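Working notes for the structure below.
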Amino acid sequence: MGQPDVVEICWRYDGSEAVQRPELNSAEARALLDAGNEAFAGLGDSDQREVHRVVQLSASDLGLAADGAPPPQEPFAAVLGCADARVPVDLVFGQRVNDLFTVRVAGNVLGNECAGSLDYAVEHLATMRLLVVMGHTRCGAVAAAVDGYLNPIGYLGVAANLPLRSIVDALTPAVRGADVALRLRHGDDAVQHPGYRSALTDAAVVLHAALTADVVRQTFTDHLDHIDVAWGVYDLASRRVGSPGAAAWERGLRAAPKGADEFQAFARDLAGSAHITALLD
Ligand SMILES: [Zn+2]
């Protein structure tokens, strides 16, 4: 597979109106995000020397409407993502101005302010059809939680820093769950392996995204028919949002497991996935 020398991604208003989207349902919203990510990720896989992608904007998107009226806020999805500078949500999903209601915080943890932001989107934006929780591989916030978990003495430094601690502590349940799953799958001595920290970090990223999506579903949408919840992990290496599968990185957003039994099976499969096993080896 080739790799282009030039990749151009352009938001353009050129006098023509952007294509108006029909009203979406939640499945169509999810498919639109999956397709947008594939279009973005696929640019880097092209055999052509130069690749270009134009995202057409309307006049009102840029505040250029003839009547001067500001556009109404009309996102079809909200995304809770990490603050990591390598994971720009609109670009990763290939979407336009006014398509995504984006909440970003280190480790995509669901604190009060972030939950309040999602609550606003659900309650006040009539176009909303999908809530997405997106983690990413090699997340620094999750790695900090892993370090505190593997080295409790080192965690004492974090414990004295209340703002940082609030993030690390929110990630620790996923780290603990991923640790148990990795030991069950690969044996207690797996922790001695040089790749264990990396494997535990990415396994915790995945588990945390799925757990958070389950919390979001129970908190905001269980009583709603028109809004669904999905999760995914952005793989920094391939630029694709998906999750670790048995044999390869599986593309696309997915629904969170439900209940203890489904989560245990999910964690077991995650620990044995190709991505996590390769990090461990
Ligand atoms: Zn991160």
Side-chain angles (χ1 to χ4, degrees), residues 33 37 40-41 44 77-95 100-115 117-118 131-151 154-155 157-158 161-179 181-182 195-216 229-244 249-254 256 267 270 273 275-276 278-279:
L33 291 182
N37 174 243
F40 164 69
V79 180
L80 173 62
C82 184
D84 192 297
R86 298 166 294 180
V87 194
V89 171
D90 301 276
L91 195 60
V92 162
F93 282 118
Q95 299 303 312
L100 300 180
F101 183 95
T102 305
V103 180
R104 294 178 67 180
V105 60
N108 41 282
V109 297
L110 189 65
N112 280 342
E113 290 81 1
C114 295
S117 299
L118 294 180
L131 300 182
V132 174
V133 178
M134 182 170 70
H136 67 94
T137 56
R138 298 169 185 253
C139 180
V142 176
V146 165
D147 289 342
Y149 178 81
L150 293 177
N151 178 18
Y155 173 76
V158 174
N161 182 334
L162 285 178
L164 178 59
R165 178 178 168 183
S166 71
I167 294 171
V168 168
D169 287 355
L171 293 164
T172 299
V175 173
R176 186 183 298 119
D179 179 50
L182 286 175
Y196 194 74
R197 178 179 180 271
S198 296
L200 180 55
T201 298
D202 272 11
V205 162
V206 175
L207 191 54
H208 173 63
L211 283 166
T212 306
D214 187 38
V215 172
V216 167
V229 178
W231 68 274
V233 170
Y234 178 68
D235 177 29
L236 289 173
S238 69
R239 305 170 302 284
R240 285 180 167 85
V241 178
S243 56
W249 191 262
E250 295 181 353
R251 302 174 187 182
L253 297 166
R254 59 180 52 202
L270 169 63
S273 66
H275 178 75
I276 299 301
L279 288 172

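For ligands, and for the atoms within them, numbers begin at 1 and follow the listed sequence. Source: prediction; values computed, not measured.
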Using a 3.5 Å distance criterion without hydrogens, assess whether the side chain of [X] forms a donor-acceptor pair with backbone atoms of [Y].
X      : Y      : answer
His208 : Gly107 : yes
Asn37  : Arg239 : yes
Ser166 : Pro163 : yes
Arg165 : Val158 : no

Applying salt bridge (charged side-chain N to carboxylate O under 4.0 Å, His left out), which residue pairs with at least one partner in residues 195-206 are found, sequence neighbours left out? Asp147-Arg197
Please report how many protein N/O/S atoms lie under 2.8 Å from the Zn ion (ligand 1). 3
In this structure, CG of Leu171 is separated from OH of Tyr149 (nearest 0.5 Å) by 14.0 Å
